[in-house]
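The structure appears below as structure tokens.
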Amino acid sequence: MNDRARSQRIYQRSLAVILENQQPGGAYLACPTMPDYQFSWFRDGAYIAYALALDAQAGDIFHAGSMAAQIESAREFHDWCARVINDRAEAVERSIERAARGEPPVLADTLNARYRANGHAGPDDWPEFQLDGVGTWLWSLAEYADRAHMPPLPLAWERAITLAARYLAAMWQVPCYDCWEERGGDIHVSTLGAIYAGLVASSRLVPSLNWDDTTAAIRRFVLAQGLTPGGELAKSVGLDMVDANLIGVAVPHRLLEPDDPVMRRTVARIERELHAPGSGIHRHLEDVYYGGGAWVLLALWLAWYYLEVGERQRADDLIAWAESRADADGNLPEQVPDPMLASAWHYDDWVRRRGPIAQPLVWSHAQYIIARRKGGGAQPGR
Ligand code: BGC
């Protein structure tokens, strides 16, 4: 199979993995084959729904019906999120009130990072308090609404958007787990980027919401307290360390423009420390999860960044690497243990605990569609 045919196959497989994996009721499981990932995350789903919205915008109707299957699938996911949030309105209101009084959050009243497909919470032993996912969901919803020419929004969406935005505006300074579900006692710059984008998006969706003061305060905070001594964005406040998730602060969350000098320095350090030549992207230097391998979705995320700053060759190299990690059916994993930052012992330990690395990882497939639809690799067509 030539490279182009292989790319087309992975693209088609990516759409199929997403649509086949959607559960009745709209949830997308993060990975259908790994028990710990058989939940629906706001964050993963937000990128998945965005990928479908981009694909639908390109004008291809995936299968017959009154609406493009991509748009319908994304709408069902957004419906699912709105239901999950609205069902917890009382608890969320209590969190907002507590934050307004300057009290620490009570975990049971915060939104989880992931829920079961039926909207129920998963087992208690998960680092569920993560604010970035809700922000990224609001961002994705606004992107969807634009492409689906939506307004007026369903009332249930408007309620969920308003509640989620008030929650984020009240909680943005509260430490939480980051998008890798780590370091629950820190304030993470990538999380602030997602909250910022979520608030901006909520005002686009519900014009009566105005968060100008809050978004300006978040941006000031990041630039005052979220930098390393070298002038890069820091992984978390007070750390002289970068994390590949900082790409998101610009693409897609636009707290900084992609070509802002701070962003350029951050990406340069990610390249130096987290990108082995010819390979994928590591999350951060202390990563031990499955040995701290090279992440497919991060290679594709960085490709997306490079496409936005007009560096096509770099993007294409990353996309080609990601494609080289697909299996014969076109399934993409979360990461590959080649190279690893940590010792092989960590890899074996995680395999013992959870089984093999997640594959197909639906978020990886979403990032693949996004990178291709943003103009990288061979241009998709059916
Ligand atoms: C990652 C999260 C992701 C989840 C499901 C975790 O291992 O750290 O970012 O949301 O898997 O894909």
Side-chain angles (χ1 to χ4, degrees), residues 14 17-18 21-23 27-51 77 81 84 111-117 121-123 125-137 139-140 176-184 186 188-191 193-194 235-236 243-248 252-253 274 280-284 286-302 331-337 340-342 346-347 349-351 353-368 370:
S14 295
V17 163
I18 292 175
N21 179 58
Q22 188 164 33
Q23 304 301 299
Y28 299 116
L29 304 186
C31 171
T33 56
M34 183 196 255
D36 275 323
Y37 281 15
Q38 287 171 356
F39 295 86
S40 181
W41 272 258
F42 288 117
R43 172 180 46 253
D44 297 40
Y47 286 107
I48 296 164
Y50 179 62
F77 172 70
C81 293
V84 164
L111 290 169
N112 283 7
R114 53 168 217 179
Y115 289 94
R116 295 183 198 278
D125 58 348
W126 201 261
E128 295 281 7
F129 179 45
Q130 304 169 25
L131 294 169
D132 71 287
V134 178
T136 302
W137 172 62
W139 162 80
S140 175
C176 65
Y177 288 96
D178 69 2
C179 80
W180 309 132
E181 324 202 289
E182 295 175 343
R183 302 186 78 106
D186 288 351
H188 312 286
V189 172
S190 65
T191 297
K235 174 178 168 62
S236 311
D243 186 306
N245 65 19
L246 291 165
I247 300 164
H253 293 140
L274 301 174
I281 309 295
H282 300 287
R283 299 194 296 182
H284 57 80
E286 292 179 352
D287 197 7
V288 296
Y289 186 53
Y290 283 93
W295 279 53
V296 170
L297 75 89
L298 282 174
L300 295 164
W301 202 340
L302 186 55
N331 294 307
L332 295 170
E334 171 190 78
Q335 58 176 304
V336 292
M340 289 190 284
L341 289 175
H346 286 289
Y347 173 77
D349 186 46
W350 278 103
V351 173
R353 285 151 74 172
R354 276 206 186 152
I357 287 172
Q359 176 168 19
L361 196 267
V362 186
W363 185 8
S364 293
H365 284 282
Q367 294 287 155
Y368 184 71
I370 295 169

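Just so you know, ligand 1 is whichever comes first in the structure, and atom 1 is the first atom listed for that ligand. Heavy atoms only: backbone and side chains are in, while hydrogens, waters and symmetry mates are out.
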Contact residues of ligand 1, where a non-hydrogen atom lies under 4.0 Å away:
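Its neighbours under 4.0 Å (heavy atoms only) are Ala30, Tyr37, Trp41, Arg43, Asp44, Cys179, Trp180, Glu181, Arg283, Tyr289, Glu334, Leu361, Trp363, given by chain and number.
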Would you kindly say whether Tyr37 and Glu334 are connected by a side-chain donor-acceptor distance under 3.5 Å?
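Distance-only check passes for Tyr37 and Glu334.
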Which pair of heavy atoms, one from Leu246 and one from Lys235, lies closest together, and at what distance?
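Closest approach of Leu246 to Lys235, heavy atoms only: CD1-N, 3.9 Å.
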According to the interplanar angle, ranging from 0 to 90°, do the rings of Tyr47 and Trp363 count as parallel (below 30°), tilted (30 to 60°) or perpendicular (above 60°)?
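Parallel.
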Can you classify the ring geometry of Trp295 versus Tyr289 as parallel (below 30°), tilted (30 to 60°) or perpendicular (above 60°)?
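Geometry flag for Tyr289 against Trp295: tilted rings.
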Please enumerate all residues that pass salt bridge (charged side-chain N to carboxylate O under 4.0 Å, His left out) together with Arg114, with sequence neighbours excluded.
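Applying salt bridge (charged side-chain N to carboxylate O under 4.0 Å, His left out) to Arg114 gives Glu128.
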Using a strict 4.0 Å threshold on nitrogen-to-oxygen distance, state whether Glu286 and Arg183 make a salt bridge.
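Answer for the salt bridge query: yes.
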